[in-house]
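Lettering follows sequence order; numbering is per chain, from 1. Values below: every heavy atom of this structure, side chains too, minus hydrogens, waters and symmetry copies.
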Amino acid sequence: MVPEAIDDHDIILATGGYDHTIKLWDTNTGTYHRSYQHAESQVNALEITPDRKLLAAASYQHIYMYDLVANNPNSIINYEGTSKNVTCIGFQEDGRWMYSGGEDGRARIWDIRSKNAQCPKSFDTCQGSGANLSPINCAVLHPNQVELFIGDQGGTIYRWDLRSDNIEQFIPENDVMILSIDISPDSTQMASVNNKGKAYIWSLTANVDSSTSLKPRHKFEAHKRAALKCKYSPDSSMLITTSADQTARIWESDEYTLKQELTRDGQRWVWDGAWCADSSYVFTASSDSFARLWNVKSGHIGREYAGHQKAVTALAFRDVLL
Amino acid sequence: MALYDNKYWLLSHIRNSFISTDDTSMCETVMVGESKQVREHFFNKEPFADPIQSDEDDDDDLGSYEVQLDAEYSMRERTLTAARLEKLENYSRRAAKMKHIKWESRNSRKDDNHEQNSDLFVVKQVKPEDLKSIAKKSALATVIEQSKNMPLNPYTEFARFDGTGQIDIPTRKYKIFLTMLPEDQRNYPINVCCVASAKIQELIGLILLKFSITYSGKYEFRPATDYGLYITEEDGEVDCDFPQLDPKECIAKFGFVYLGLVEHKEPPREIICERLVETSTSPSSSRGKIRTTSSSKAEESKQIKNDLIMDTHHKAMEAPLYKSYKVFLVNKLWLFNIEVHLGISSEKIEIDPIHHKNSKLQLVKQTPVCHSIDSIASCEETETKGSKGAFRVVYSNDFSTSSGDRMFQYSHSSVNLSSTLQSSPSFKHYDFEADKNVAEEIVQKINFILNLRSSYSRKEYLAAKERKQLGKKKSFKYLKS
């Protein structure tokens, strides 16, 4: 069935959640072909390295790397040193370094290329409650690869310039948590969602020194309950928001009108979403232990990925443009 | 020997000769308190008692020789510590293969940092044109669109019962023989690992999922309910002496490792029979299910037929036994139904209202009532609405008063049929509502009982009904002409 031109490795879908396994799926047939053991904790976030050889799973106190090529069910690299949950991870475009954010209030840059594996940089959030730093919920790298945008539980968004270590803070709303941030691939817009279901949009413009300045653009109620994730489509024309109100919604990114609502009875919380490379399909991960593929145009379910025992909270997807 | 009452001799006898056949090891517990006494007794009696030997024997206070030997030669049960140690060892072995990278702050080397920064953090210019030129299709979209008409695997819902890769939950491993495969391919079982909390039906689904993924030949898959799991020998021969494992049972209940998956030509159905005698004497051959194993098909189908006969037989046998159901008494006047317990036995039918403590709708007092089974004339299903089933129990009013039972305290509940059924005891009825399955079961149960004891009121009712029908026909004819 699979045309010859498409290599198995061109399409990678990984899911993880509360059942201590990470599964790799055959996206077409809806069955999983590999299962990794992730014994120690739940999976908070998943990311595939740019070279598609490794899968990183953010979990409690550790980031584990799994081999996507060799058939080894156990993790092969363990990044430790975070004292609490690691909540988000991501990679520099060429896979030179990895960033992570944790509930200990510290964002870290890990050098994954060099042999001595030193960590060149870290950044601490402001103090949250008591003496603790405010936990980081999300972080995203600007497409210019030198600015990291971090959202914390105190409702602050930080722009961290990795070259100069300059910090800029934005507080869109008081007494909320920033649960997710995303920047459109064409780097013209930034979106953030909070636990009240509100979405905030900024316009981004590059300065002369290629740092970014932000200008508030739009604000709307994306969901009635907490919004958990937002992600721009690869062509920057759409934004998907997932929520505790059991739906995921797709918004046009020019006026932020609702384009499609992705919902299904008994779906429960929708935790994560991922776009395919041409923005025609989108994956969601939800608490009913399913991952689903949706057709963006029609809003219908294309495939269902069943196999997890408990809630699926993270997914990572990569494919290619033909 | 039964009369031989020397307890020392008996204990010694148990100790030395009976132990090996006592799988329950109950006699061990019998002997625990006695053994020391016995030993003393015997060694004292022994003419050449060796003091040293007796000392040695005192060390072990076990009941029998048998158990001592066993303990020495069989595997000792692992202690928790041993298991934990092994787990730790496993973990460290795995950890050794893993590369560990610890977070180290590098505040001390600021200058270095700067150099590295410029190396690591390089600005990339985003060119919007690159992104806009997406006329291409993604690999995923291509694949999905190419297989638009691909039938989806119907068994994917069972994937969550797969136990492979699970760590924290108990699983069970099975070797499954697939009897529907062609002769040359079914010699080896497939390995299936299933979570222990699954039901047999779900295990069947999981097996079919694995089978459908790996099997490339021609085979028409059917719904999971069309298959049954049977106990199987290690060589794959299905054991016909046992019925299939109950699909509704949890798999943890069965300890078999080798199982055979068998396709039923026709799914086993719930059989509703009107007359007990009929079904038990002439089982219809069409209902039999046939297994596709090569060996002795006739015998198998015979056995399966027997199963079915036994099924109805069991139901008929159980019918006279008391059973209580929760149903709703339909009440047309008050526009709401009263929840009651309906108790049915071979002697009587009891209607017992359920009192809700917090209910504010205690406007209607319903007292419990009891009818002798001889006063029950008929019971039939009246309608089924979705998952609900309604049924009517007709009883003779004369009987219930004469039997001296408590009466219903309200009078409107029944429509008196006596107007249409003259010259017969006045029949009244109750209308009940319950879940469809429950309603079916109750109707079946009452009819079994009624068939067993043809009472006067039932005959009367049936006769009256017949007369009425005849009358109807006549009047119809009259109208026509």
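Proximity to chain B (any heavy atom under 4.5 Å) is restricted, for A:Thr31, to the side chain, taken from C-beta onward. Using a 4.5 Å cut-off between heavy atoms, A:Asn78 touches chain B through backbone and side chain atoms alike. Contact annotation for A:Arg303: only side-chain heavy atoms (C-beta onward) come within less than 4.5 Å of a heavy atom of chain B. Looking at A:His62, neither its backbone nor its side chain comes within 4.5 Å of chain B, counting heavy atoms on both sides. Heavy atoms of A:Thr27 lying under 4.5 Å from chain B belong to its backbone as well as its side chain. Interface residue A:Leu293: only side-chain heavy atoms are found under 4.5 Å from chain B. Proximity to chain B (any heavy atom under 4.5 Å) is restricted, for A:Tyr64, to the side chain, taken from C-beta onward. In this structure, chain B has no heavy atom under 4.5 Å from any part of A:Asn72. For A:Pro143, the parts lying near chain B are the backbone and the side chain together; criterion is any non-hydrogen pair under 4.5 Å.
Here B:Asp162 pairs with B:Lys210 in a salt bridge; the nearest charged N to carboxylate O distance falls below 4.0 Å.
Checked by atom type and distance alone, the side chain of B:Thr232 never pairs as donor or acceptor with a backbone atom of B:Val238 at under 3.5 Å.
A donor-acceptor contact closer than 3.5 angstrom links the side chains of B:Glu145 and A:Tyr281.
Heavy-atom pairs under 4.5 Å with chain B peak, among A:Gln92, A:Gln37, A:Arg108, at A:Arg108. Interface remark: of the candidates A:His308, A:Met65, A:Glu93, A:Glu93 forms the most heavy-atom pairs closer than 4.5 Å to chain B.
Checked against a 6.0 Å centroid threshold, the rings of A:Trp275 and A:Phe317 do not count as neighbours. For an aromatic pair to be called close, the ring centres must be under 6.0 Å apart, and A:Tyr99 with A:Phe91 fails this.
The aromatic rings of A:Tyr36 and A:Tyr66 are tilted relative to each other, their planes meeting at an angle between 30° and 60°.
Residue B:Phe211 is tested with B:Leu178, B:Leu206, B:Ile176 for a side-chain contact (heavy atoms from CB on, under 4.5 Å); the sole match is B:Leu178.
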- Query: Could you walk me through whether A:Arg96 and A:Asp94 pass the salt bridge (charged side-chain N to carboxylate O under 4.0 Å, His left out) check?
  - Reply: CA-CA 6 Å; A:Arg96 306 178 101 194; A:Asp94 310 316; 5.2 Å; no
